[in-house]
Amino acid sequence: MKIMQKILVIGSSNIDLVITSTSLPKPGETVIGDTFLKNPGGKGANQAVAANRLGGNVAFITKVGNDVFGKELKELYKKEGINCHGVMTDNSSRTGVALINVDRSGENFITIYQGANKQLLIDDIINLSSLIDESDIILMQLEIPMDTVNYIIDHAFEKGKKIILNPAPAHPFTDEALSKLFAITPNKTETEQLTGIGIQDERSVLEAASILIKKGVKNVIITLGSQGAYYVNEKEHFLIPAPHVKAVDSTAAGDTFCGAIAAELSRGHEWNEALQFATAASAICVTRMGAQLSIPTEHEVRTFIKNNQ
Ligand code: RIB
């Protein structure tokens with residue numbers, strides 16, 4: 001039997017306030033919404049919850065504010081069964097909040113108030129470095145300060161950890177940081193920001209991916225929404241098409257995808273298996289409203305894959 005690797009997710013925690021409406025508002029426009037939903041979110045927390053629900057052994061480093069939202073989130077992470085040793089409270093900040101508009105096709109606009117996420121600092125990571133030492137896979141996104149992200153990359157790389165970076169929201173990166181990544185999972189927009197190549201077709205996907213591979217990233221996974229995900233390494237490349245589903249809300253689909261990859265790799269699976277599992281997990285996620293509310297369990301994903309073969 002293969003030994004399960006440990007996953008450490010480091011990133012943001014938010015409370016998401018979601019309004020659905022027929023269309024998304026344009027600048028200066030007010031639209032009347034249909035439904036309102038408050039649910040736990042934040043790219044870091046969504047990925048930690050996803051990796052955990054999808055069967056991974058997960059620890060989470062994050063910061064919440066000393067308020068009702070912060071207390072609520074801490075309780076939820078504990079209930080999920082996540083190792084919460086690295087879940088901290090910042091007494092001088094509010095918990096992060098995301099205002100999300102979702103339209104009839106499931107597309108969204110998100111505005112984030114970072115709050116306590118902005119206070120996740122290098123000193124916090126130094127204090128919690130034993131969590132990095134104990135883990136095998138480090139999963140990160142960019143809703144915390146970039147200094148902290150760069151410190152984690154340097155430190156985790158030195159310790160020989162597999163770093164998976166979901167470069168969202170898009171932010172420029174140094175070549176040195178890229179060279180230390182085991183995997184990167186940009187969407188089309190983030191790929192263009194990182195490489196300067198607009199993603200239109202297979203050729204542009206391969207061109208962009210080869211730029212990242214040349215910079216030293218070992219595994220490049222470009223997510224293409226309803227078209228699936230494209231995998232590229234030095235030797236091979238392939239597309240994993242996304243299962244066809246009726247999308248109601250795409251929030252946290254990318255986070256579910258990343259958490260699923262980490263969970264499946266931690267069980268010793270190969271990339272093609274991990275990506276099939278991840279595309280199925282995010283396909284289920286888009287059929288439901290909300291961020292963490294919409295993340296499936298491992299059992300749901302296995303059943304979905306069986307029924308869609
Ligand atoms: O990726 C989706 C997430 O982005 C939401 O849950 C929201 O909190 C923002 O961080």
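Quantities reported herein were computed from a predicted structural model and do not represent experimental measurements. Ligands are counted one by one from 1 in listed order, and the atoms in each one are counted from 1 as well.
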Discussion item. Geometry only, no angles: is S12 polar-contacting ligand 1 at N/O separations under 3.5 Å?
Written reply: no
Without placing hydrogens or testing angles, list every side-chain donor-acceptor pair under 3.5 Å for residues 119-129, not counting sequence neighbours.
| unit_1 | atom_1 | unit_2 | atom_2 | d |
| --- | --- | --- | --- | --- |
| D124 | OD1 | K63 | NZ | 3.4 |
| D124 | OD2 | K63 | NZ | 2.9 |
| D124 | OD2 | L121 | N | 2.8 |
| N127 | ND2 | D123 | O | 3.3 |
| S129 | OG | I126 | O | 3.2 |

Item to complete: Considering only non-hydrogen protein atoms, determine which one is nearest to atom 3 (C) of ligand 1 and report residue, atom name and distance to 0.1 Å.
Response: N46 ND2, 3.6 Å
Worksheet item: Are K6 and D136 ion-paired here, with the side-chain N under 4.0 Å from a carboxylate O?
Response: no
Discussion item. What I want to check is whether the side chains of E202 and Y230 have a donor and an acceptor closer together than 3.5 Å.
Written reply: yes
Practice prompt. In sequence, state the C-alpha distance, the side-chain angles, and the governing distance for N14 and E143, and then conclude on side chain to side chain contact (heavy atoms under 4.5 Å, CB included).
Written response: CA-CA 10 Å; N14 291 335; E143 282 183 343; 3.9 Å; yes
Fill in: Closest non-hydrogen atom pair between H171 and L142, with its separation
CB-CD1, 3.7 Å
Practice prompt. Heavy-atom contacts with D16 under 4.0 Å: which atoms of ligand 1 show up? List them by number with element.
Written response: 5 (C), 6 (O), 7 (C), 8 (O)
Worksheet item: Below 4.0 Å from any atom of ligand 1, is there a heavy atom belonging to G42?
Response: yes
Discussion item. Using a 4.0 Å cutoff against the non-hydrogen atoms of A291, which atoms of ligand 1 qualify?
Written reply: 6 (O)
Worksheet entry | Numbered atoms of ligand 1 (with element) below 4.0 Å of E143, judged on heavy atoms | 4 (O), 9 (C), 10 (O)
Worksheet, complete the sentence: For D255, the atoms of ligand 1 under 4.0 Å from one of its heavy atoms are 1 (O), 2 (C), 3 (C)
Item to complete: For the pair Y77 and F60, name the ring-plane relationship: parallel under 30°, tilted 30 to 60°, perpendicular over 60°.
Response: perpendicular
Practice prompt. Check each atom of ligand 1 against the heavy atoms of G41 and keep those under 4.0 Å away; list them by number with element.
Written response: 6 (O), 8 (O)
Worksheet item: Members other than L54 in its cluster, when Ile, Leu, Val, Met, Phe, Trp, Tyr link by side-chain heavy atoms under 4.5 Å?
Response: V245, F277, I284, V286, V301, F304, I305
Practice prompt. Report the nearest protein non-hydrogen atom to atom 4 (O) of ligand 1: residue, atom name, distance rounded to 0.1 Å.
Written response: K43 NZ, 3.2 Å
Fill in: Sidechain N-carboxylate O distance under 4.0 Å for R302, E298
yes
Discussion item. I need the atoms of ligand 1 closer than 4.0 Å to a non-hydrogen atom of A98, numbered in the order shown.
Written reply: 7 (C), 8 (O)
Worksheet item: What are the atoms of ligand 1, with element, lying closer than 4.0 Å to any heavy atom of I112?
Response: 9 (C), 10 (O)
